[in-house]
There are 2 protein chains.
Amino acid sequence: MKSISKAVISRLPRYYRYLGELKEEGIERISSGDLSERMHVTASQIRQDLNNFGGFGQQGYGYNVSYLYDEIGKILNLDKDHSMVIIGAGHLGQAIANYANFEKRGFKVIALFDKNPEVIGKIVRNVEVLDIDGLENYLNNNKIDIVALTLPKEQATKIADTLVACGIKAIWNFAHTDLELPDDVIVENVHLSESLMKLAYNYGEIENR
Amino acid sequence: MKSISKAVISRLPRYYRYLGELKEEGIERISSGDLSERMHVTASQIRQDLNNFGGFGQQGYGYNVSYLYDEIGKILNLDKDHSMVIIGAGHLGQAIANYANFEKRGFKVIALFDKNPEVIGKIVRNVEVLDIDGLENYLNNNKIDIVALTLPKEQATKIADTLVACGIKAIWNFAHTDLELPDDVIVENVHLSESLMKLAYNYGEIENR
DNA sequence: TAGATTGTTAATCGATTAACAATC
DNA sequence: TAGATTGTTAATCGATTAACAATC
């Protein structure tokens, strides 16, 4: 099976979001042309993207919204549950723990960790903040799918090695650094400062024209 | 002047980060070849990217780290101050307000807004949380460069229109929706749920191989 | 059936990589 | 000067768009 390009994957969650909205609006079917207008992408791209995974539509009819929504959900593994641990219980860690929609999609936060005694023991959305010293032991005794790293880069690098040693395969990295880990460990980076710099560049350009 | 491609812009902050690290390590010069090894990109791409903005290097020598760092900073507008207002003083809003490094780069949070009486009046990093009802008046009387939207999508859409009406040209959008705004308003999206879905897809692929 | 719209191939466009002459 | 490394042009690769036959 030829692997799917990164560009395609990165568009799937957006399709999923729009289809969810269409579903909520009670719309049963949609053509690539109509969806293209809503999403401001070409109809060609929508059809090409979807056909990487199979023929979800029907000639002369279009796509069944509910069916396509479910299918994209399956592709994105949203039909399975994912246990998640958050390391770093500062505002960012707590923001993620509190975000209800993740749980709706099967992402279940089952523990937070921190080294700060002031937050250890605190309950965030029914989940206790545990002492980081117990992390290794915890990981060895619980099946964890995803670890979110919401702590400063100095600590993130070291903790990431521990995670890999404990067999963690998926890391959601908010620390401002690139983790250098083995190939079979997936890292998804959220670099907020880089996002903000892009914004600074782009609005600077607008001002000068 | 031909405009620079999005792909190039999105790589600049990462170059900037690596150059900052090199500076801290006390390294004075670096060749595209050496930088390419550190960053895991091709030397060709580095040279192509940089030459969109001018010749920053010198044949036979490479690039002066400190000089290149400053030049990329200028391109990204980091040599200017940017006043920022955060709307939504929940955990995510507070996380951003608290992030010290932004201030180092010239991004100054000068107000937070919320509609929740329990947080209004609270001081976050020397900045007061104000009542959202006073937003329009505030924007009309203060020069604000960037507004961060860290609130639910239902509210974000409405607030975004207010922002545009008040002349805001740069929005850092954390709400899970695409804001439909005039062309001269720059929106930089941070869609955390889409990032998490990409991670779910990718580590699912690893498991199946 | 006729119209609509997909699935898919072919054409275009843009971005990345390779190569090398220029030059420090 | 000789070696190193850039700046830049040319070649390749991949992604997007256009076109249309297949088919519901």
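Naming convention: chains lettered A, B, ... in sequence-line order (proteins, then strands); numbering from 1 in each chain.
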Which whole-number value in Å describes the distance from [X] [atom1] to [N] [atom2]?
X	N	atom1	atom2	value
B/Q59	D/dT6	CD	P	8 Å
B/N52	C/dT16	CG	C1'	12 Å
B/N51	D/dT6	CG	P	10 Å
B/D34	D/dA4	CG	C1'	11 Å
B/I30	D/dA4	CD1	P	17 Å
A/I46	C/dT5	CD1	C1'	13 Å

For this session: Decide yes or no, distance alone: a donor-acceptor N/O pair under 3.5 angstrom between the base of C/dT8 and the side-chain of A/Q48.
Result: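 No, no donor-acceptor pair under 3.5 Å.
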For this session: Select from A/A7 and A/Q58 the residue whose nearest nucleotide in DNA chain D is closer to the 5' end of that strand.
Result: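 That would be A/A7.
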For this session: Give B/R11 one of three labels, base, sugar-phosphate or nothing, depending on what nucleic acid heavy atoms sit under 4.0 Å from its own.
Result: sugar-phosphate
Exercise. Should the pair B/R29 and B/Y61 be classed as cation-pi, given the thresholds of under 6.0 Å to the six-membered ring centre and 45° from the axis?
Worked result: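 So B/R29 does make the cation-pi contact.
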At under 4.0 Å, does any side-chain N or O of [X] touch on OP1 or OP2 of [N]?
X	N	value
A/R47	C/dG7	no
A/T42	D/dT17	yes
A/S32	C/dT5	no
B/Y63	D/dA4	no

Problem set entry | B/D114 side chain vs B/G88 backbone, donor-acceptor pair below 3.5 Å | no
For this session: Answer yes or no: is there an ion pair linking A/R47 with A/D49, defined by an N-O contact shorter than 4.0 Å?
Result: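 Result for this pair is no, no salt bridge flagged.
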For this session: In plain terms, say whether B/E25 and B/R38 are close enough for a salt bridge, that is, a side-chain N and a carboxylate O under 4.0 Å apart.
Result: yes
Exercise. Between A/G55 and B/Y61, which is nearer to the 5' end of DNA chain C once each is assigned its nearest nucleotide?
Worked result: A/G55
For this session: Treat a base pair as Watson-Crick or G-U wobble with both distances under 3.5 Å, then lay out DNA chain C in dot-bracket form, 5' to 3', with | for cross-strand pairs.
Result: ..||||||||||||||||||||||
